[in-house]
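Whatever order the structure lists them in is the order used to number ligands and atoms, beginning at 1. Source: prediction; values computed, not measured.
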Amino acid sequence: MPHRPSRPIILTGDRTTGALHLGHYVGSLRSRVELQHTHEQYVLLADTQALTDNASDPGKVRNSVLEVALDYLAVGIDPALSTICLQSALPALAELTVLYLNFVSVARLERNPTIKDEIQARGFGRDIPAGFLCYPAAQAADITAFKATLVPVGEDQAPIIEQTNELVRRLNRQVGRDLLPEAKALIPSIGRLPGVDGKAKMSKSQGNAIPLSASDAEIDAAVQRMYTDPNHLRASDPGQVEGNIVFTYLDAFAPNAEEIAELKAHYRRGGLGDMVLKRRLAEILKATIAPIRKRRAALARDPDSIMDILRAGAQRGRVVTESTKAELIDGLGVFRLLSAAPTAHTAHS
Ligand code: TRP
């Protein structure tokens, strides 16, 4: 990859806990394909972070690395334009994490709204894995190791970026200069794609997701399941567009906004049946997924070439993250004892 230091640096990534779905496509994958042309983009396969709440299922974390990598490549993340990095293959990230943990308090980690919500949602209480509690510091290590200034993440991750910047200021104060840049969260304007059951979030574990490898029949079945307006009983009745997730999906995926505006007007007026509407959505989703599924299947036939891509990405990632680590330990004046040139003192002894 050509070195393009003038481009703003992006770090983004996903925990490797399963293949990606349409929610990821809308929320992040689609924009990564665009951003790679204008930014220096690093995409992290976050297997180390995935383990922080999946310690009892390391096989899932490991096997998902290839699945997520296939998803990346299938949607058009291009290894010639973006660097795909496997987190566990970059030891500097782990070393920086250990370093950063000295600059953050347990109280501050527990106050992080993302962590607080997740402790609540999963019922961890005090039995929270220490690695999970500390993942904001680990993610700060990820972000700063690449000196990323832009971090595309979902809204729920904004407090992690805020905490990253606190750590950046704290570390820079310790070093005495602005060694690390602060980062900005890049939150998608389209918002979150709901599950096919209408629940706020599409999630594989909730069983309401459409995977990027979905067949036409699976897409039909998923669209069939979607709730529309419960009061729209006959096609001739006027229907409600707000809160009707078929329209939410049409807004997210339809290539032609004008067509959707017309469908909405027709639906509100009455005379547009749910079946017809759903058939149109299914068509659009199939057109979106078909090329991805095809590319994904072709790539999956050659896992060795995927491993080559991951190896090359790790190599590039290592250069960047090791360089930041070296700057930081130099700046802090720690951990350099044995790597320094032998002094008179050591020479004598
Ligand atoms: N925490 C992110 C998520 O759950 C994944 C992630 C790990 C990440 N390291 C990152 C995202 C660094 C952006 C930057 O989606």
Practice task
Please step through salt bridge (charged side-chain N to carboxylate O under 4.0 Å, His left out) for the pair R122 and E118, ending with a clear verdict.
Solution key: CA-CA 6 Å; R122 293 160 205 237; E118 295 189 82; 2.9 Å; yes

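A 6.0 Å sphere centred on CD of E258 holds no more than 12 heavy atoms belonging to other residues, nucleotides or ligands. The neighbour count for E218 CD, taken as heavy atoms of other residues, nucleotides or ligands under 6.0 Å away, is above 12. Crowding of M275 atom CE: a count of heavy atoms from other residues, nucleotides or ligands under 6.0 Å not exceeding 12.
Ion pairing between R280 and E283 holds under the 4.0 Å rule for side-chain N and carboxylate O.
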Protein N/O near ligand 1 N/O, under 3.5 Å, which pairs?
from: ligand 1; atom 1: 1 (N); to: Q49; atom 2: OE1; distance (Å): 2.7
from: ligand 1; atom 1: 1 (N); to: Q139; atom 2: OE1; distance (Å): 2.8
from: ligand 1; atom 1: 1 (N); to: Q157; atom 2: OE1; distance (Å): 2.9
from: ligand 1; atom 1: 4 (O); to: R15; atom 2: NE; distance (Å): 3.4
from: ligand 1; atom 1: 9 (N); to: D142; atom 2: OD2; distance (Å): 2.9

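Residues Y267 and D274 bring a donor and an acceptor atom of their side chains to less than 3.5 Å of each other.
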